[in-house]
Amino acid sequence: MLEILTRMENTYNGKDYALLKNAYDFSRKAHENQKRASGEEYFIHPCTVAGILMELGLDAATVAAAFLHDVIEDTPVSEEDIRKNFGEEVLELVVGVTKLEKIRFNSKEEEQAENFRKIFVAMAKDIRVIIIKLADRLHNMRSLNFLSKERQQRMARETLDIYAPLADRLGISQIKCELEDLCLKYLEPEFYEYLSGNIEEHLKTNLELVDHVVEEVNTLLKDSGISGEVFGRKKHLYSIYRKMKERNKTLDQIYDIVAIRIIVNTVDECYEVFGKIHHIWKPVPGRIKDYIATPKPNMYRSLHTTVVTNFGRVFEIQIRTYEMNHAAEYGIAAHWKYKENKKVADDLDTRLSWIREVMEWQGGLKDSKEFLNSLKGDIYSSEVLVFTPKGDVIRLPKDATPLDFAYSIHSAVGNKCVGAKVNSKMVPLNTVLQVGDVVDIITSSASKGPSWDWLKIVKSSSARVKIKQFFKREMKDENVKTGKIMLDAEAKRRGYSLSELLSEDAFLHLATKLSFNNQDEMFASIGYGAVSVNQVLIKLIDYYRKSQPQQEITKFFKSNKKHESSVKVKGMAGLLVRFAGCCNPVPGDDIVGFISRGHGVTVHRRDCPNLKNIEDDRLIEVSWTDTTDSVYNAGIKVVGITQTEVLTIVAGVVSQLKLEIVSTNGRTDTKNNQAIVDFHIRLNSKDELNNLINKLKQDSKIIDVFRTAN
């Protein structure tokens with residue numbers, strides 16, 4: 001406690017110090033008598049979080065919010081109390097962190113995606129909120145040993161998947177590296193212990209070599225008249241672990257455990273030292289990286305080279321200015337630590353532009369899973385750097401194409417693209433771009449817009465979203481119509497009328513869950529594939545059941561009447577017989593009966609996966625009778641390029657064969673850029689089903705058709 005007060009006195013003065021002292025005293029009183037899982041005073045936690053932010057150089061308002069970040073959640077303190085004592089700015093930061101505290105990530109991908117959205121909304125509003133959260137997470141990870149093993153692993157996995165990459169994307173390497181090492185400790189404890197126990201011994205054997213390299217570089221600087229610092233820096237455990245795993249090597253085979261860092265005053269000196277080092281030692285091909293000319297997405301800038309020294313050892317050497325070193329350590333926090341520096345302020349704008357771009361394109365995604373996949377692609381993807389004809393650097397994901405380039409310039413450029421030149425030569429739009437390519441996009445005002453096939457070509461999340469947004473806008477009426485047909489058909493298949501499910505109250509309830517403004521937007525989202533039929537219908541049915549439980553019971557019993565006369569059990573007809581909804585047998589299928597206690601015999605297809613673990617003595621032979629006048633439902637899955645094409649083709653063939661579509665449920669496979677639509681068809685026999693599948697397969701626009709289990 002005394003240490004944090006001393007640091008406050010040494011770092012802040014005037015109104016800033018008064019604000020922090022007030023926050024310190026307020027938080028201490030609010031958390032009085034509260035304990036952490038470790039048994040220590042709870043107040044130690046906000047003090048440590050505030051200390052981490054002081055070390056990063058954050059402003060007084062942020063550090064004050066760190067002292068107060070748990071008081072609304074864990075004490076009787078109200079938002080009005082915070083506003084009254086500390087003002088609106090501190091209150092907004094505390095409320096922002098409090099909302100993030102309520103986020104609970106779990107294995108449900110959709111919920112995780114929605115939580116990601118909340119994080120990015122908070123970041124876009126005030127980036128300091130996520131910086132406080134990162135400091136909070138860091139201290140919680142430091143004291144994770146007091147929790148159960150299950151909670152340790154869950155929290156470590158969440159940190160490695162979410163918070164460490166965010167710290168990296170914001171350039172705060174101090175927090176990122178420590179978070180990764182702590183995650184390794186709990187996710188791979190044996191590996192962590194091995195590295196911790198052996199790394200120091202391994203370093204001792206290399207220490208003399210490191211000192212030798214440092215001495216030679218110092219001599220080089222002195223002879224060149226350049227002042228600077230040279231030192232060896234041990235890489236953090238997780239980076240060593242990752243190299244061992246990825247390259248399948250032992251610790252003894254990892255030669256760049258220590259990197260030699262050279263810090264000088266100017267960019268010109270960086271390049272001068274860079275060149276002279278290559279005169280002394282031979283560089284390893286492919287291991288030279290110029291992050292000064294082309295900074296990383298988190299604005300990290302440095303020169304990297306790996307060299308073979310004259311005594312045969314390989315070393316990585318990093319060369320940067322003092323300013324670059326500060327930015328590398330503090331990342332986006334350097335804006336506050338060195339806020340008088342114009343260059344650092346510009347870097348902040350660049351970092352925030354990435355967050356703003358994510359917020360811009362995520363607004364076009366109703367499907368949480370699609371948002372999550374797109375976001376992870378942006379955070380984790382490796383990059384290729386290409387150039388505009390004017391020499392501007394454009395960052396694209398690995399294997400990107402000219403279409404990705406076009407959409408990275410502007411949506412209008414992508415939508416009007418009709419061709420591309422790479423290094424002054426015309427190329428196909430699916431050409432994979434290489435590092436250093438100069439790309440020139442050819443547009444035409446006469447272009448009608450993108451093709452659905454482009455979704456198979458582009459690699460970047462933003463390009464894929466922008467193409468889909470175009471079709472969403474241009475095909476709104478068609479999407480509304482398609483979505484309404486799909487929802488109505490699936491409701492009928494489940495024994496409901498869409499009109500009875502979609503009451504005004506039911507839609508208002510649904511709209512709060514899925515953020516629809518009106519029913520047309522809901523139908524369009526289904527038709528376009530942004531949400532699935534089941535996502536909407538399950539919520540409508542659930543609301544309907546809760547509001548009218550008695551009608552539901554009656555509906556259940558009515559819907560379970562089956563075609564008992566079409567099947568005989570061991571030569572006897574007339575028994576209580578039901579058809580299994582899991583596999584929907586139709587006349588002609590090889591069938592078997594399952595004796596269900598109190599419910600007669602349930603008929604399954606013999607290949608039904610639900611029979612795998614059934615005792616043989618519960619199965620009984622059944623067969624079809626000659627009386628098969630009843631109609632049956634069978635499921636098929638149809639894969640095509642777009643949902644609209646699939647629906648049109650299937651509807652035409654079904655009509656030609658005089659069958660009936662009972663329900664449809666479509667989704668978009670973003671990974672493979674395909675539309676997948678499930679149909680339930682009403683028919684009389686397996687022959688009719690086979691005939692339908694064969695006719696659909698003959699259409700060139702259909703990729704695949706097969707019968708489903710239900």
Side-chain angles (χ1 to χ4, degrees), residues 7 10-12 48-59 62-63 66 123 127-128 130-139 141-142 159 163-183 214 227-240 242 256-267 269-270 273 289-292 294-304 316-352 354:
R7 188 185 294 180
N10 294 336
T11 309
Y12 303 90
T48 306
V49 174
I52 293 170
L53 296 176
M54 285 186 203
E55 188 178 337
L56 291 174
L58 269 294
D59 62 312
T62 309
V63 178
M123 289 168 67
I127 194 66
R128 293 174 294 177
I130 197 64
I131 298 177
I132 298 171
K133 181 61 181 174
L134 288 172
D136 172 68
R137 176 51 61 106
L138 178 56
H139 184 238
M141 288 297 296
R142 287 174 180 173
T159 301
Y163 292 105
L166 282 175
D168 184 40
R169 198 63 168 81
L170 297 176
I172 312 175
S173 65
Q174 279 191 6
I175 290 181
K176 174 248 187 187
C177 293
E178 189 175 349
L179 284 177
E180 288 181 338
D181 282 355
L182 289 167
C183 291
V214 170
S227 63
E229 296 179 37
V230 185
F231 52 89
R233 186 179 179 94
K234 181 181 70 174
K235 296 199 171 179
H236 67 298
L237 295 183
Y238 185 77
S239 67
I240 298 170
R242 194 169 54 198
D256 53 352
I257 290 176
V258 178
I260 305 299
R261 184 167 298 173
I262 306 169
I263 306 178
V264 294
N265 291 297
T266 68
V267 172
E269 288 174 346
C270 287
V273 173
K289 301 290 177 60
D290 185 349
Y291 294 120
I292 294 179
T294 54
K296 288 185 178 182
N298 61 9
M299 300 312 295
Y300 172 88
R301 301 172 74 218
S302 185
L303 295 174
H304 288 197
E316 179 184 308
I317 297 178
Q318 303 168 354
I319 309 168
R320 61 184 69 158
T321 65
Y322 285 97
E323 180 185 329
M324 293 173 194
N325 195 57
H326 289 315
E329 293 296 321
Y330 298 101
I332 202 165
H335 169 70
W336 288 274
K337 191 173 182 71
Y338 305 99
K339 56 189 174 184
E340 73 283 353
N341 188 309
K342 177 66 167 63
K343 178 68 175 69
V344 173
D346 291 342
D347 287 351
L348 175 72
D349 290 339
T350 302
R351 288 191 177 93
L352 293 180
W354 166 71

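Heads up: numbering here begins at 1 and tracks the sequence.
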Hey, could you give me the [atom1]/[atom2] distance between [X] and [Y], rounded to the nearest 0.5 Å?
X: I292; Y: H304; atom1: CD1; atom2: NE2; value: 9.0 Å
X: L134; Y: L179; atom1: CG; atom2: CG; value: 7.0 Å
X: D59; Y: L53; atom1: CG; atom2: CG; value: 9.5 Å
X: N325; Y: I262; atom1: CG; atom2: CD1; value: 12.0 Å
X: I260; Y: I319; atom1: CD1; atom2: CD1; value: 11.5 Å
X: K235; Y: L237; atom1: NZ; atom2: CG; value: 13.0 Å

Between [X] and [Y], what is the shortest heavy-atom contact and its length?
X: G232; Y: V214; value: N-CG2, 4.1 Å
X: I132; Y: A66; value: CG2-CA, 4.3 Å
X: D181; Y: Y238; value: OD1-N, 2.8 Å
X: A164; Y: K176; value: O-CG, 3.7 Å
X: Y12; Y: L58; value: OH-O, 2.7 Å

Would you say that [X] contacts [Y] through its side chain, given a criterion of any heavy-atom pair below 4.5 Å between the two side chains?
X: L182; Y: L138; value: yes
X: E180; Y: D168; value: no
X: R142; Y: T48; value: yes
X: M141; Y: E178; value: no
X: Q174; Y: I52; value: no
X: I175; Y: L56; value: yes

### Query
Is there a side chain to side chain contact (heavy atoms under 4.5 Å, CB included) between Y163 and K133 once you walk through the steps?
CA-CA 9 Å; Y163 292 105; K133 181 61 181 174; 3.5 Å; yes
### Task
Go through the structure and list residues passing side chain to side chain donor-acceptor pair (under 3.5 Å) with K234, not counting sequence neighbours.
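Checked K234 against side chain to side chain donor-acceptor pair (under 3.5 Å); matches are E200.
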#### Entry: Residues in side chain to side chain donor-acceptor pair (under 3.5 Å) contact with Q318, at least two apart in sequence or another chain
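In terms of side chain to side chain donor-acceptor pair (under 3.5 Å), with neighbours along the sequence ignored, Q318 is linked to R261, E316, R320.
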### Task
Output all residues satisfying side chain to side chain contact (heavy atoms under 4.5 Å, CB included) with E269, sequence neighbours left out; order by chain, then residue number.
I226, V264, N265, T266
